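Not measured: the values here are computed from a predicted model. Order of listing sets the numbers, starting from 1, for every ligand and every atom in it.
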Amino acid sequence: MTLPGLMQHRDLAIIDIIRFAAAAHPTREIVSRNVDEPLWRYDYARCFDRVAQAAHMLHALGVASGDRVSSLAWNTHRHFELFFAVPGIGAVLHTANPRLPDDHLIYSLNHAGSRTLLFDRNMADIVERIRPQLQTIEHFVVLSDAERALPGYGCYETAIAGEPEYFVWPRFDEHAGAFLCYTSGTTGDPKGVLYSHRSVVLHGMAGGLSGSFGFSAFDVIMPCSSLYHATAWGLPFAGAINGAKFVLPCDKLDSASLQELIRDEGVTFSGGVPTIWTMYLDYLARTGETPGSLQRVIIGGSAVPREMAVTFDALGVTVQQLWGMTETSPIGVSATPTPALEELGREGALEQIWTRQGRMQFGIEIEIVGEDGQPLPHDGEASGALLVRGPWVLERYFRANESACGEDDWFDTGDIATIDRFGFMRITDRKKDVIKSGGEWISSIDLENIAAGCPGVRIAAVCGVYHPKWEERPVMLVELHEGIDLTEAELLAYLSERVAKWWLPDRVLFGPVPLTATGKIDKKVIRDSHKDILRD
Ligand code: ADP
């Protein structure tokens, strides 16, 4: 029998994060754009007051411990307040994704079983449209000021006005549910991942560490990953734990709007999916502007094209890749330097960092296994199914009767990866995207990355398409920069100098690349549109 430790049993609670920020960094600012409203500016102390007011509002709406509350909202200060108020009273915030197709959105709201929905003003059309099919929602509240309230709905500012700026926050078990995030359902119905107070706090603490986001109180964080997508990578928590300033861009993710915030608010750190940064770099090239105070950009959700990292580096901005998924809260690995890498010299170290998703971090174990389930060597060559486990990895999906994990808690991510001797992991593909050509595998990610380096190419997407002889062959869809003329032959010539001949796509198509609700290349749509292209 072990000897019980004699330290306090104080449950980890999300409310303690904002309570701490308000006490330790009371005057540090939070600046937010909002739908059709002037820029909002306040500090952690004032934010905590309003979190208390929001908690009173939730009580007044009848929200009780364990209830789900849904939001359909952008990256704004009001959504940020809900991130603390809802879990603070022991309820669960379901951050619905407005970019999902209606059927998936309706499914997730009904599946969550929320009775209250808080939404941004410009989501009113969606809400009107899907309202007849929402089975459990009784209260609809618009996240706007009183001036811009919408008739027929509650108004957030009106509802919190006059509520006390103090709340007696309940204490409860740290395993209690706090956030309900749905996967984007690229395969089947969306699946709910229910984060707990414990998982969110541990993940937030780990996210700030130097091997991950490496925050300090001097950072000015502008999350361009959505608050509704896996809690914007936990940035609200990692940032508040470190007393960083926040700059919230609402839904205005166009490059001119982002650049204005970077310049005016002194943003040092931002993060988002590659497509946002493709547009941003285009904008800088077009206007001749510079990234100013921006020091670091974390890019995740899809592989970072090497070209993007090189361009940012030339502008003096460090690019750090992040790999994760909704099921991992989402931080899995992040690419940051180590002394062992530095020995490779600047070029060697950068090469390693830019071409890998990241390195092992304490708190989340990673392993790769072959088809027999046995671990593969960490030699950077062997690739296999990527397994993860740790205190912020899911155990089972919301309302599922069975665990989603295999033996010893390992969760199969559905990604295929290598791990090298430095502990760096490289995703070669998603299991469902890897192209099986004549018994060999072709990495769609590698092909996309190489094609993205070809001058004139904006985004390249590669899919495996049925082939009568080889089973599957790659087909590439390329979106070009404006005014560029590039032919299939020219692109193939570029690729053939860089990949094995049998990797070359059988067909290169030109046109807009469809994106998913989370801003990733929508391979399902591409595959479906071109599934018969190589039949004869
Ligand atoms: P979904 O897109 O299914 O909703 P997530 O948004 O949780 O799910 O995405 C998780 C997946 O995104 C990972 O399993 C991986 O395939 C992909 N992904 C995330 N980050 C990266 C990255 N840096 N490089 C390559 N793939 C990534």
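- Of the heavy atoms in M325, both backbone and side-chain atoms come closer than 4.0 Å to ligand 1.
- Here the side chains of I364 and W392 are in contact, with some heavy-atom distance below 4.5 Å.
- With A335, G301, G519, S302 as candidates, the residue nearest to atom 17 (C) of ligand 1 on a non-hydrogen basis is G301.
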Item to check | R426 vs D446, salt bridge (charged side-chain N to carboxylate O under 4.0 Å, His left out): CA-CA, chis, key distance, verdict | outcome: CA-CA 11 Å; R426 190 170 83 87; D446 283 355; 3.0 Å; yes
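- Under 3.5 Å, the side chains of S403 and R396 contain no donor-acceptor pair of N or O atoms.
- Remark: ligand 1 atoms within the under-4.0 Å shell around heavy atoms of Q357 are 22 (C), 23 (N), 24 (N), 25 (C).
- Here T516 has no heavy atoms under 4.0 Å from ligand 1, in either its backbone or its side chain.
- Considering each of G324, C181, G300, the one bringing a non-hydrogen atom nearest atom 19 (C) of ligand 1 is G324.
- Here the shortest heavy-atom distance to atom 3 (O) of ligand 1, taken over R430, K431, K520, belongs to R430.
- Of all the atoms in ligand 1, the ones that sit under 4.0 Å from a non-hydrogen atom of Q321 are 22 (C), 23 (N), 24 (N).
- Taking a cutoff of 4.0 Å between a charged side-chain nitrogen and a carboxylate oxygen, R473 and D506 qualify as a salt bridge.
- Ligand 1 has a nitrogen or oxygen under 3.5 angstrom from a nitrogen or oxygen of H229.
- By the criterion of a heavy-atom distance under 4.0 Å, both the backbone and the side chain of T326 are placed next to ligand 1.
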Next on the checklist: Show, in sequence, the C-alpha distance, side-chain angles and deciding distance for R359 and D420, and conclude whether the salt bridge (charged side-chain N to carboxylate O under 4.0 Å, His left out) test is met.
Outcome noted: CA-CA 9 Å; R359 65 177 163 96; D420 66 20; over 6 Å; no
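- Close N/O approach between I299 and ligand 1 is not found [any backbone or side-chain N/O within under 3.5 Å].
- Partner of F179 under the ring-ring contact (aromatic ring centres under 6.0 Å, His included) criterion, out of F398, Y228, F237: F237 alone.
- Note: Y280 and W277 have perpendicular aromatic rings, judged against thresholds of 30 and 60 degrees for the angle between ring planes.
- Between H111 and Y182, a ring centre-to-centre spacing shorter than 6.0 Å is recorded.
- Annotation for ligand 1: atoms under 4.0 Å from non-hydrogen atoms of A303 are 22 (C), 24 (N), 25 (C), 26 (N).
- Taking a cut-off of under 4.0 Å to the non-hydrogen atoms of T183, the atoms of ligand 1 that pass are 4 (O).
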